[in-house]
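Reviewing the structure listed below.
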Amino acid sequence: MDTEHMQSQTDMSVANNIRKARENKGLTVEEAASICGVPVGSYRKYENGQSQPTAVPIRAIAKGLGVSTDEILMEPDERSIKAELSRLFGAIAELDEQQQAEVKRAIKGLIMVFQQEELSE
């Protein structure tokens, strides 16, 4: 596969990821562009794959749409944290400190149980 073809696939992946993130929020292109602070014309080009966003608009789009930059730039199997876990961590961040501490203890406890089960197999 040549480099130009690979770049084209990457460009379309970014475009598709932006579109999916917007659609998941139930927003129009105009609403998403406004929320993200990106000119509508530029946003349309990013979502259509006609232009590749640089770092600044990628960060603005990710923040505006409530997703990670990984979710914009990478395919699901390439991401360091899966989208569902990322959303859960976002929800946890909205809890008060005491609730966050309880969630942290619960997660640590589950991890210990799973690690113990692995050792006993």
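The shown structure was predicted, so the numbers you read here are calculated from the model rather than taken from an experiment.
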Exercise. Shortest non-hydrogen contact from A62 to I72?
Worked result: CB-CG1, 4.1 Å

Exercise. Do L65 and I35 have side chains that get closer than 4.5 Å, going by heavy atoms?
Worked result: no

Exercise. Which heavy-atom pair separates E31 from T28 by the least distance, and what is that distance?
Worked result: OE1-N, 2.8 Å

Exercise. Does R59 have any side chain to side chain donor-acceptor pair (under 3.5 Å) partners at least two apart in sequence or in another chain, and if so, which?
Worked result: none

Exercise. Counting only N and O atoms by type, is there a donor-acceptor contact under 3.5 Å from the side chain of R22 to the main-chain atoms of A32?
Worked result: no

Problem set entry | E94 side chain to A91 backbone, donor-acceptor under 3.5 Å | no

Determine all donor-acceptor pairs shorter than 3.5 Å in which one atom belongs to a side chain in residues 37-44; sequence neighbours excluded.
unit_1: Y43; atom_1: OH; unit_2: E47; atom_2: OE1; d: 3.3
unit_1: R44; atom_1: NH2; unit_2: E30; atom_2: OE2; d: 2.3

Problem set entry | CD1 on I61 to NZ on K63, rounded to 0.5 Å | 14.0 Å

Problem set entry | Over all atoms of both residues, closest heavy-atom pair of G64 and C36 | CA-SG, 3.9 Å

Seminar exercise, completed: With sequence neighbours left out, the residues meeting side chain to side chain contact (heavy atoms under 4.5 Å, CB included) with E118 are none

Exercise. L85 and I111: same hydrophobic cluster, using ILVMFWY side-chain contacts below 4.5 Å?
Worked result: yes

Exercise. Under the criterion salt bridge (Lys or Arg N to Asp or Glu O under 4.0 Å), which of R19, K20, K25 is the partner of E23?
Worked result: R19

Problem set entry | Nearest-0.5 Å distance, CD of residue Q98 to CD of residue E102 | 5.0 Å

For this session: Measure the CG-CG distance between N17 and D70 for me, rounded to the nearest 0.5 Å.
Result: 10.5 Å

For this session: Identify whether V56 and I18 are in the same connected component of the hydrophobic contact network (ILVMFWY, side-chain heavy atoms under 4.5 Å).
Result: no

For this session: Walk me through it: do E117 and M112 pass the test side chain to side chain contact (heavy atoms under 4.5 Å, CB included)?
Result: CA-CA 9 Å; E117 286 174 356; M112 289 173 56; over 6 Å; no

